[in-house]
Number of protein chains: 2
Amino acid sequence: MIDTQDKCHSSVEELLAEKNQRYTTHRKSIVRVLFELSKPASLSEILAVASQRSINLPISTAYRNLAILEDCGVVRRLIASEDLGLYELAEALTGNHHHHLICEQCGDVNDLSSNSNLERALSRAAEMVMDQIDFQVTGHRIDLTGICSNCNKVDSA
Amino acid sequence: MIDTQDKCHSSVEELLAEKNQRYTTHRKSIVRVLFELSKPASLSEILAVASQRSINLPISTAYRNLAILEDCGVVRRLIASEDLGLYELAEALTGNHHHHLICEQCGDVNDLSSNSNLERALSRAAEMVMDQIDFQVTGHRIDLTGICSNCNKVDSA
DNA sequence: TTTAGTAATGAGAACTATTCTCATTATATG
DNA sequence: CATATAATGAGAATAGTTCTCATTACTAAA
């Protein structure tokens, strides 16, 4: 489990090097933002945080780099929101296996660290599936959907 | 559990009526296609099947009706594909609680009927989550990701 | 340190799924 | 039958994302 940003950056550097990619300033900025947010973020959120730090990150560069980082196993692009790509650091990088809490009202997505009971149940389920059908399971996604604390407050107000 | 298309159509009619919506020919065609495919389908797949039956379903009408059907609880729009909306009949309509097998290679999505072990584990997990954090869980999504039989064949060929 | 050669950048065009607009057509109701 | 409302369909508009291409920044060899 990667716990400091320094360790994170050096791991990223290795992953990029494996694919002959440079760890440029822009790429480092993106990883830094994702590390510090520690929740899935949309492109505009990433740009906003960068902008707060006077980092000018052009849209096309940001998308291109996110795609490259994804290809190198640094970033994962989630499929969780209706019409927005959300990005987070890959589990293979952080070592933090987790799932997501998705608010059905505002679309906000937050991490939910997994627990061993749930994971055991899922592995069993995956095995059952593999036995029964012709599909090679390599991973799973679990999202819990509902109403986040913010939206709950707004509703009752 | 709805097992015949006739039952399905009458349930849909009721659901629409609750919201003062008519069960028009187009809407019936969409429901029919989704019922018969019995797997999540993109708009273009839906249109293709309709077209095979000489049903001319304009894009704008199809989207509009899918949105209305979703609003009435007839259809569910999945978030499972990178850049395509996928539609299926809602579980509340069919009574068939299931999850999805998503092929990471071709993006194809298929149904996976759930089983009680898995569901029990998930409800427990949901309860644990609710206790620990401020998030009101109302549902869950589980996708198993991997390689579908088709892509497996192609790879080994 | 120069010099290629290659990689990354940035601005804006292009693309694509989806939604919107609005005039026309169909349907239901008094 | 008349009128109000709903649904339709063609195409414009929108928005997230990707592509293009000229420019700039690195890197490595001479």
Side-chain angles (χ1 to χ4, degrees), chain A residues 12-13 15-34 40-48 50-51 54-72 74-88 107-109, chain B residues 12-33 40-48 50-51 54-72 74-88 107-109:
Chain A
V12 170
E13 196 157 18
L15 285 168
L16 289 176
E18 282 173 24
K19 296 221 176 187
N20 295 315
Q21 294 283 349
R22 301 176 187 159
Y23 198 22
T24 64
T25 313
H26 280 333
R27 291 173 188 178
K28 211 169 283 189
S29 299
I30 291 172
V31 170
R32 183 172 297 127
V33 169
L34 291 179
S42 67
L43 188 93
S44 53
E45 287 173 314
I46 295 170
L47 295 187
S51 165
S54 313
I55 296 165
N56 180 40
L57 198 49
I59 294 178
S60 58
T61 301
Y63 273 119
R64 182 161 6 88
N65 281 329
L66 281 165
I68 289 166
L69 290 168
E70 188 180 17
D71 188 53
C72 293
V74 173
V75 156
R76 177 159 80 123
R77 181 177 170 174
L78 303 190
I79 302 178
S81 154
E82 297 261 329
D83 35 28
L84 261 185
L86 293 178
Y87 302 88
E88 66 179 4
D108 193 45
V109 179
Chain B
V12 171
E13 195 156 20
E14 284 174 32
L15 286 168
L16 289 176
E18 283 173 22
K19 296 220 177 187
N20 296 314
Q21 294 284 350
R22 299 175 190 161
Y23 198 22
T24 63
T25 313
H26 282 331
R27 293 172 187 177
K28 212 170 284 190
S29 300
I30 291 172
V31 169
R32 184 172 297 128
V33 169
S42 67
L43 188 94
S44 53
E45 287 173 314
I46 295 170
L47 295 187
S51 167
S54 314
I55 296 166
N56 179 40
L57 199 49
I59 294 179
S60 58
T61 302
Y63 273 118
R64 184 165 0 91
N65 280 330
L66 281 166
I68 288 166
L69 289 168
E70 188 181 15
D71 187 54
C72 294
V74 173
V75 157
R76 178 160 81 124
R77 180 177 170 175
L78 303 189
I79 301 178
S81 154
E82 297 262 330
D83 35 28
L84 261 186
L86 293 177
Y87 302 87
E88 66 178 5
D108 193 45
V109 179

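Values below: all heavy atoms of this structure, side chains included; hydrogens, waters and symmetry mates excluded. Just so it is clear: chains get the letters A, B, ... in the order the sequence lines come, proteins before strands, and each one is counted from 1.
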Checklist entry - DNA chain D: B/Arg64 or A/Tyr63, which has the more 5' nearest nucleotide? => result B/Arg64
Checklist outcome for this item: Rounded to whole Å, CD of B/Glu70 lies from C1' of C/dT19 at a distance of 14 Å
Checklist outcome for this item: Rounded to whole Å, CD1 of A/Ile68 lies from P of D/dT18 at a distance of 12 Å
Checklist entry - Please give, in whole Å, the distance from C/dT9 P to A/Leu47 CG? => result 14 Å
Item to check | Closest heavy-atom pair and its distance - B/Glu82, A/Ile79 | outcome: N-CD1, 3.7 Å
Checklist outcome for this item: When B/Thr25 and B/Asp83 are each assigned the nearest nucleotide of DNA chain C, the 5'-most assignment goes to B/Asp83
Checklist outcome for this item: Against the side chain of A/Ser60, the closest entry in D/dT8, C/dT18, C/dG12 is C/dG12
Item to check | Residue A/Arg77, side-chain heavy atoms: nucleotide from C/dT18, C/dT9, D/dT17 that is nearest | outcome: D/dT17
Checklist entry - Is it true that a side-chain atom of B/Arg27 and a backbone atom of B/Leu69 form a donor plus acceptor pair closer than 3.5 Å? => result no
Checklist entry - Can you tell me how far P of D/dC19 sits from CG of A/Asn65, to the nearest Å? => result 14 Å
Item to check | B/Leu66 CG - D/dG9 P separation (whole Å) | outcome: 14 Å
Item to check | Protein-nucleotide distance (B/Arg22, atom CZ; C/dT25, atom C1'), rounded to Å | outcome: 11 Å
Checklist outcome for this item: For B/Gln21 and B/Cys72 the tightest heavy-atom approach is CG-SG, 4.1 Å
Next on the checklist: What is the distance, to the nearest angstrom, from the CG atom on A/Asn20 to the P atom on D/dC26?
Outcome noted: 18 Å
Next on the checklist: In this structure, how many angstroms lie between the C1' atom of D/dA7 and the CG atom of B/Leu16, rounded?
Outcome noted: 13 Å
Checklist entry - Does B/Ser51 reach the main-chain N or O of B/Leu47 with its side chain, forming a donor-acceptor pair under 3.5 Å? => result no
Next on the checklist: For a quick check of understanding: with a heavy-atom distance under 4.0 Å over all strands, which category does A/Thr24 fall into, base, sugar-phosphate or nothing?
Outcome noted: sugar-phosphate
